[in-house]
Amino acid sequence: MNESEILNLIKRIKNGEISDENALKYLKNYPFSDIGCAKLDTQRELRSGIGEVIYGEGKTVDEILTITKNLAAIKQNILITRADEQVFELIYKHFKEAKFNMRAKTISLMFKKQNLTDSYIAIISAGTSDMSVVEEAYETAKFLGNSVKKITDVGVAGIHRLFSKLDDIQGARVVIAVAGMEGALPSVIAGLVKAPVIAVPTSVGYGTGLGGAAALLGMLNSCANGITVVNIDNGYGAAYNASIINHL
């Protein structure tokens, strides 16, 4: 429940539109709902402004469907990350409004209208091999109500490509910079913008890239100011934090 829903419930109780018993039934699972396979934090939206997001990896398709049905019952917008086509096909059988981004591995269900911000988040990638992480960040940012501009394949190997998009980059409220290999892109961007930069190392790279560890360490050791680093391939976490900044 969010604040407006709680206020509406109080109003309905005062006006006699709902009995005390039914109101109690409505609230009985506060502050979470135990559905067997999970304990849903039904009050997270009230506390933090964003409801619980379903992390799909490691869960069975039936568990994801059960969680989705319970969140849908309280009309919460739903984002499922790290999902595959099998999960989407099952969700879509029950919810025709479900949208699947195959590259991002995200499923979204929107029951409430989401107004986008006037300011925007710029999501910038070094190469096309980073696009799965870019798409996860993009879907998350849009789900959280942000306007977004994607600027892709502008890594330091051909840095003139980045400069051709400099106006869009400098106009962003916050920048997400996604890169694998040596992870140099966020350092370059941070030296060109006044906005905070959230760096996302990806697992793209040859053997000594160590599955993204080289990019992660390079970003953590950047000499540029204004950089915050999230974990390897964590497009969701980068977008969530960017959204907080963009909504300030």
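Note that the coordinates shown come from a computational prediction; the quantities given were computed from them, not determined experimentally.
Taking Glu139 as the reference, nothing meets the salt bridge (Lys or Arg N to Asp or Glu O under 4.0 Å) condition, with sequence neighbours excluded. Listed by chain and residue number, Glu135 satisfy the salt bridge (Lys or Arg N to Asp or Glu O under 4.0 Å) test with Lys150 (two or more places apart in sequence, or in another chain).
Residue Lys59 places its NZ atom among more than 12 non-hydrogen atoms of other residues, nucleotides or ligands, all under 6.0 Å distant. Residue Tyr92 places its OH atom among 12 or fewer non-hydrogen atoms of other residues, nucleotides or ligands, all under 6.0 Å distant. Atom NZ of Lys96 has more than 12 neighbouring heavy atoms from other residues, nucleotides or ligands inside a 6.0 Å radius.
The minimum heavy-atom distance between Ser203 and Asp233, with the atom names listed, is OG-OD2, 2.8 Å. Nearest heavy atom pair, residue Ile67 against residue Cys37, reads CG1-SG, 4.2 Å. Across all non-hydrogen atoms, the minimal contact from Pro201 to Asn231 is CD-O, 3.8 Å. Between Phe143 and Leu109, the shortest heavy-atom distance links the atoms CE1-O, 4.5 Å. Minimum interatomic distance between Val230 and Gly237 (heavy atoms only, all atoms of both residues): CG1-C, 4.4 Å. Residues Gln114 and Leu144 share a closest heavy-atom pair of NE2-C, 3.8 Å.
Distance alone, capped at 3.5 Å, is enough to place a donor-acceptor pair between the Glu136 side chain and the Tyr236 backbone. At least one donor-acceptor pair closer than 3.5 Å links the side chain of Thr117 to the backbone N or O of Ser147. A distance-only check finds a donor-acceptor pair linking the side chain of Asn77 to the backbone of Lys112 [under 3.5 Å]. Side-chain atoms of Asp130 come within 3.5 Å of backbone atoms of Gly127 as a donor-acceptor pair (strictly under, hydrogens ignored). A donor-acceptor pair under 3.5 Å is absent between the side-chain atoms of Ser243 and the main chain of Ala239, judged by distance alone. No donor-acceptor pair closer than 3.5 Å links the side chain of Glu97 to the backbone N or O of Phe111. Remark: the backbone N or O of Glu17 is not paired with any side-chain donor or acceptor of Asn15 at under 3.5 angstrom.
Rounded to the nearest 0.5 angstrom, Thr228 OG1 and Met219 CE are separated by 12.5 Å. For the atom pair CG of Asn70 and CD of Gln76, the computed distance is 11.0 Å after rounding to the nearest 0.5 Å. One distance of note links OG1 of Thr208 with CE of Met181; it measures 9.5 Å at 0.5 Å rounding. Atom CD1 in Ile198 sits 7.5 Å away from atom CD1 in Ile121 (nearest 0.5 Å). Here Asn146 contributes atom CG and Asn115 contributes atom CG; the two are 12.0 Å apart, rounded to the nearest 0.5 Å. Residue Met131 holds its CE atom at 10.5 Å from OH of Tyr138, rounded to the nearest 0.5 Å.
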Full working for side-chain contact (heavy atoms from CB on, under 4.5 Å) between Ile54 and Glu52: CA-CA 7 Å; Ile54 303 171; Glu52 191 163 14; over 6 Å; no

Intermediate values then yes/no, side-chain contact (heavy atoms from CB on, under 4.5 Å), Leu79 and Thr106: CA-CA 7 Å; Leu79 178 66; Thr106 60; 4.2 Å; yes

Residues Leu210, Leu217; criterion side-chain contact (heavy atoms from CB on, under 4.5 Å); working and verdict: CA-CA 11 Å; Leu210 303 175; Leu217 292 173; over 6 Å; no

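Counting heavy atoms from C-beta on, the side chains of Ile107 and Ile78 never come closer than 4.5 Å.
No single ILVMFWY cluster, assembled from side-chain heavy atoms under 4.5 Å apart, contains both Ile245 and Ile151.
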Please list every donor-acceptor pair under 3.5 Å in which a side-chain atom of residues 158-178 meets a protein atom from a residue at least two apart or in another chain.
| from | atom 1 | to | atom 2 | distance (Å) |
| --- | --- | --- | --- | --- |
| Arg161 | NE | Gly158 | O | 2.9 |
| Arg161 | NH1 | Asp153 | O | 3.2 |
| Arg161 | NH1 | Asp153 | OD1 | 3.4 |
| Arg161 | NH2 | Gly155 | O | 3.2 |
| Ser164 | OG | Arg161 | O | 2.7 |
| Asp168 | OD1 | Lys149 | NZ | 3.3 |
| Gln170 | NE2 | Leu192 | O | 2.9 |
| Arg173 | NH1 | Asn246 | O | 3.4 |

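The aromatic rings of Phe100 and Phe88 sit parallel, their planes meeting at an angle under 30°, below the 60° perpendicular limit.
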